[in-house]
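No experiment lies behind these values; they were computed from the predicted model shown. Every chain is numbered from 1 and lettered A, B, ... according to where its sequence line falls, protein lines coming before strand lines.
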Amino acid sequence: MSYSLETIRHSAAHLMAAAVQELFPDAKFDIGPSTDDGFYYDFDMTHRLTPDDLKVIEKAMQKLCNQKLPFVQSELSRTEAQTLLSSKNQTYKLERLADIADGSKITFYQCGNFSDLCRGPHVEHTGQIGAFKLLSIAGSYFRGNEQNPMLQRIYGTAFASKEELHNYLQQIEEAKKRDHRKLGKELDLFSFSENVGPGLVLWHPKGAFIRNTFESFWREEHYKNGYDMLYTPHIGRSDLWQTSGHLDFYKDAMYSPMNIDETDYFVKPMNCPFHIEIYKSNLRSYRELPLRWAELGTVYRYEKSGVLHGLLRVRGFTQDDAHIICTPEQIEDEIAEVLRFSLSVWHAFGFTDIKPYLATRPEKAVGEPERWEKALVSLERAVEKCGLKCEVDEGGGAFYGPKIDLKVKDAIGREWQTSTIQFDFNLPERFDMTYIGEDGKKHRPFMVHRALFGSIERFFGILVEHYAGAFPLWLAPVQGRVMPITERQHEFAREVYAELRAKGLRVELDDRSASVGGKIKDARNDRIPYMLIIGEREVETRTVAVRNRNEGQVGEMSLTEVAEKMRFEVDNKTC
RNA sequence: GCCAAUGUAGCUCAGUCGGUAGAGCAAUUCACUCGUAAUGAAUAGGUCAACGGUUCGAUUCCGUUCAUUGGCUCCA
């Protein structure tokens with residue numbers, strides 16, 4: 001009999017709880033579900049768990065495993081269950097019990113000396129939990145509510161076989177190798193400084209080069225696709241943020257205002273109000289619509305200290321923002337176009353596995369129901385038109401409008417939430433945006449916020465991990481390194497360097513008196529795409545021995561040939 | 001913000017049961033002139049995160065703060 005991963009993991013969670021009960025008899029238990037890649041269990045006890053405890057608990061688990069203890073189900077009445085849990089002082093479990101609706105079955109699973117309120121199912125006996133490993137300790141609020149006490153959580157994972165567990169652990173290792181924080185340091189791309197402040201990115205020359213290159217690409221693509229670019233200030237009067245509603249809803253997450261001429265100015269947490277002000281700077285006719293206005297707008301948000309994470313969550317970031325303002329008749333085509341555009345941009349970076357998620361109207365929402373309906377239909381049709389299938393997150397939209405989010409899979413299969421296309425029925429009302437229709441009357445336009453990358457910082461972090469630091473040639477800050485073998489080749493090497501530079505290729509010259517092997521090792525560490533090695537033979541024939549990051553040694557080539565090969569890769573944005 | 005861990009040279013890390021620190025890599029200099037993943041030697045490099053307490057003496061013990069890491073909550 002084989003069991004699903006969920007069952008195995010859920011059973012592993014029980015097994016872990018059994019071991020914890022044995023080692024720490026005062027432990028109170030909450031819940032221990034399986035997750036996408038493992039399981040966890042939450043405990044409350046006086047002992048503070050340390051990483052060393054994980055090994056001890058694992059050992060105890062292994063012992064229980066070897067005993068092949070059966071999981072025995074029993075059904076209890078509510079009163080019986082209450083009595084049982086009360087006698088063990090399991091206060092969290094009692095609360096969980098109270099959640100179970102009247103009339104539903106109340107079941108317990110016994111495994112060795114550990115009995116747990118649980119719906120099941122489980123494996124037959126502990127010997128069937130193939131392979132497991134405890135991974136980390138964390139804190140977590142009871143019921144995920146920050147008002148509640150914090151419990152201690154142990155994360156682990158389990159698989160049917162040792163081999164699968166091994167593969168999973170290897171994948172974690174692979175992800176660690178690609179960590180953009182590690183590579184960012186190694187490749188000298190960016191840093192943070194305590195003197196500047198947490199979550200504020202310092203872009204080093206190489207990182208800035210990559211950013212600048214894909215930003216240029218972003219701008220070109222936007223102009224090609226009918227967008228106009230805007231620039232707006234970094235601060236604005238408090239009145240503006242009062243009108244937009246930000247001060248009512250997000251004041252705590254905004255940087256404190258600076259008082260100038262007796263007026264408070266806030267650093268912008270969003271670009272929208274500025275774009276709207278530009279819209280309102282003129283009386284607008286339906287003939288001008290749709291307007292597609294984009295800006296790489298840098299915003300600041302006071303994110304809670306505990307959530308900051310490398311480039312993926314920062315306090316100062318640049319949104320690749322755009323607002324589409326159009327008539328209700330135009331909205332469907334506009335959305336389809338945004339989606340198509342987003343996909344094409346992701347493809348350029350080698351992301352091909354993209355899934356849309358549609359979020360619909362939540363309980364509390366602004367905007368007329370017909371507008372929501374029309375918006376939803378246009379989102380659905382756009383997804384269809386692009387030949388995609390979306391998952392629906394019922395009631396998951398923002399209070400101000402429905403949205404589509406895109407999740408893209410990177411080179412090692414991890415999903416990242418990136419692009420977002422959001423309707424906004426709130427700001428057009430608040431700012432009283434109008435246009436004059438064919439009928440000569442004022443109408444309320446549709447407004448859509450959209451970001452392809454989400455934020456430049458986050459996108460950059462994802463890119464680093466996706467490429468594992470080996471940026472494709474069109475993005476690589478250094479595309480090639482000229483490496484003379486001895487000093488006798490320095491003169492020709494300088495010639496090669498100058499000529500390739502003149503051809504617009506970003507090459508460096510490594511004229512250190514190191515061995516070829518040493519130079520190659522360094523170039524590999526720096527993820528240099530092309531190594532151009534020059535010895536006596538190459539000087540004689542006026543060629544370079546080409547070694548490519550991916551292909552290895554590709555042989556001797558003339559400068560023209562190398563330049564063409566590289567140019568081809570750049571032009572095609574080969575990933 | 002909350003729970004927990006961590007903070008020693010540019011990087012990766014040793015170390016000090018309290019007597020102010022060490023390696024490898026990187027850097028600099030010199031020698032070497034080498035054919036596809038590390039040539040050798042020498043030199044330099046530290047307020048041991050910051051501040052306070054205990055102590056004759058603190059990088060080490062205690063406290064506070066800051067930052068980072070793993071989670072939780074949050075993400076307009």
Side-chain angles (χ1 to χ4, degrees), chain A residues 35 40 42-44 48-53 135-155 176 179 181-182 185-186 188 191-199 241 244-254 268-273 299 301-310 312-315 317 319 321 398-401 403 417 420 422 424 426-427 449 451 454-455 458 483-490 511-525 531-538 545-548 552-556:
Chain A
T35 63
Y40 66 81
D42 286 346
F43 312 99
D44 191 8
R48 295 283 102 186
L49 289 164
T50 69
D52 289 338
D53 292 328
L135 299 171
S136 62
I137 302 158
S140 79
Y141 298 109
F142 177 54
R143 291 183 192 280
N145 184 330
E146 60 182 326
Q147 310 303 326
N148 287 339
M150 186 149 265
L151 308 176
Q152 299 190 75
R153 174 174 294 182
I154 301 178
Y155 280 98
K176 267 191 202 160
D179 191 312
R181 293 167 299 183
K182 180 172 170 280
K185 198 176 268 175
E186 282 174 16
D188 198 15
S191 67
F192 294 90
S193 161
E194 277 198 39
N195 297 326
V196 177
W241 307 109
S244 71
H246 286 94
L247 282 180
D248 289 339
F249 292 110
Y250 303 112
K251 188 158 195 251
D252 289 348
M254 287 168 72
K268 67 176 168 183
M270 283 206 106
N271 304 300
C272 335
V299 300
R301 296 179 186 177
Y302 178 74
E303 302 285 2
K304 287 181 181 174
S305 59
V307 306
L308 300 175
H309 180 96
L312 302 182
R313 192 82 182 268
V314 290
R315 284 185 174 161
F317 57 99
Q319 295 181 310
D321 210 356
F399 75 91
Y400 53 78
K403 62 171 179 175
Q417 206 217 290
T420 183
Q422 308 187 348
D424 192 330
N426 184 42
L427 292 181
H449 310 263
S455 98
R458 185 178 147 80
M483 310 192 314
I485 291 172
T486 75
E487 264 170 33
R488 288 193 296 278
Q489 292 89 41
H490 278 195
D511 57 4
R512 297 173 303 164
S513 72
S515 68
V516 204
K519 289 183 182 183
I520 288 173
K521 186 211 64 165
D522 289 343
R524 287 181 59 99
N525 282 343
M531 298 173 221
L532 309 171
I533 297 158
I534 297 172
E536 272 175 41
R537 286 201 298 274
E538 286 75 22
V546 177
R547 188 190 170 105
N548 181 285
Q553 291 188 56
V554 294
E556 291 178 20

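Across B/C30 and B/G18, the matching C1' atoms stand 43 Å from one another, rounded to whole Å. Nucleotides B/U55 and B/C11 place their P atoms 36 Å apart, quoted to the nearest Å. Rounded to whole Å, the separation between the C1' atoms of B/C62 and B/G1 comes to 26 Å. B/G53 and B/U59: their P atoms are spaced 13 Å apart (whole Å). On the P atoms, B/U20 is 33 Å away from B/A67, given to the nearest whole Å. Distance noted for atom C1' between B/U64 and B/G24: 36 Å (whole Å). With P as the reference atom, B/G63 and B/U54 are 15 Å apart, rounded to whole Å.
Remark: A/K185 is in phosphate contact with B/U12, judged by side-chain N or O atoms under 4.0 Å from OP1 or OP2. Taking 4.0 angstrom as the limit, A/R488 places none of its side-chain polar atoms (N or O) nearer than this to OP1 or OP2 of B/U33. Regarding contacts with the backbone of B/U69, a side-chain N or O of A/R181 is found under 4.0 angstrom from either OP1 or OP2. Applying the 4.0 Å criterion to OP1 and OP2 of B/U39, one finds that A/S515 has a side-chain N or O inside that range. One finds no side-chain N or O of A/H309 lying less than 4.0 angstrom from the OP1 or OP2 phosphate oxygen of B/G71. Look at A/Y155 and you'll find a side-chain N or O under 4.0 angstrom from OP1 or OP2 of B/C72. Phosphate proximity of B/G1 to A/S305: present, with a side-chain N or O under 4.0 Å from OP1 or OP2.
Side-chain N/O atoms of A/T486 and base N/O atoms of B/C34 include no donor-acceptor pair closer than 3.5 Å. Applying the 3.5 Å distance criterion, the base of B/G35 shares no donor-acceptor pair with the side chain of A/Q489. Judged by distance alone, with hydrogens and angles left aside, A/R547 brings a side-chain donor or acceptor within reach of the base of B/U36, the pair sitting under 3.5 Å. For a distance-only test at 3.5 Å, the side chain of A/R153 fails to qualify as a donor-acceptor partner of the base of B/C3. Side chain A/Y141 to base B/G1: a donor-acceptor pair is found below 3.5 Å. Residue side chain A/R143 does not reach the base of B/C72 through any donor-acceptor N/O pair under 3.5 Å, judged by distance alone.
Out of B/C34, B/G71, B/C74, the shortest distance to the side chain of A/R313 is found at B/C74. Distance from the side chain of A/S513 is smallest to B/A31 among B/A76, B/A31, B/U73. Side chain of A/M150, nearest nucleotide from B/G1, B/G71, B/C34: B/G71. Comparing B/G35, B/A4, B/A76 by their closest approach to the side chain of A/R48 singles out B/A4. With B/G1, B/U33, B/A67 as the choices, the nucleotide that has an atom nearest any side-chain atom of A/E146 turns out to be B/G1. Counting only heavy atoms from C-beta on, A/K304 has its side chain closest to B/U73 among B/G35, B/A76, B/U73.
Within 6.0 Å of the NZ atom in A/K182, the count of heavy atoms belonging to other residues, nucleotides or ligands exceeds 12.
Here A/V307 lies in heavy-atom contact (under 4.0 Å) with a base.
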Reading RNA chain B 5' to 3', what string of ( ), [ ], | and . shows its pairs, if Watson-Crick and G-U wobble pairs count only when both distances fall under 3.5 Å?
(((((((..((((.....[..)))).(((((.......))))).....(((((..]....))))))))))))....
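Mapped onto RNA chain B by nearest heavy atom, A/G144 and A/P198 fall at different nucleotides, with A/P198 at the one closer to the 5' end. Nearest-nucleotide positions on RNA chain B place A/L308 closer to the 5' end than the other of A/L308 and A/A253.
At whole-Å resolution of the value, NE2 in A/H490 and P in B/C34 are 12 Å apart.
In this structure, the ring-ring contact (aromatic ring centres under 6.0 Å, His included) partners of A/F399, at least two apart in sequence or on a different chain, are A/F249.
Side-chain atoms of A/H449 and A/D424 form a donor-acceptor pair, as typed in the model, at a separation below 3.5 Å.
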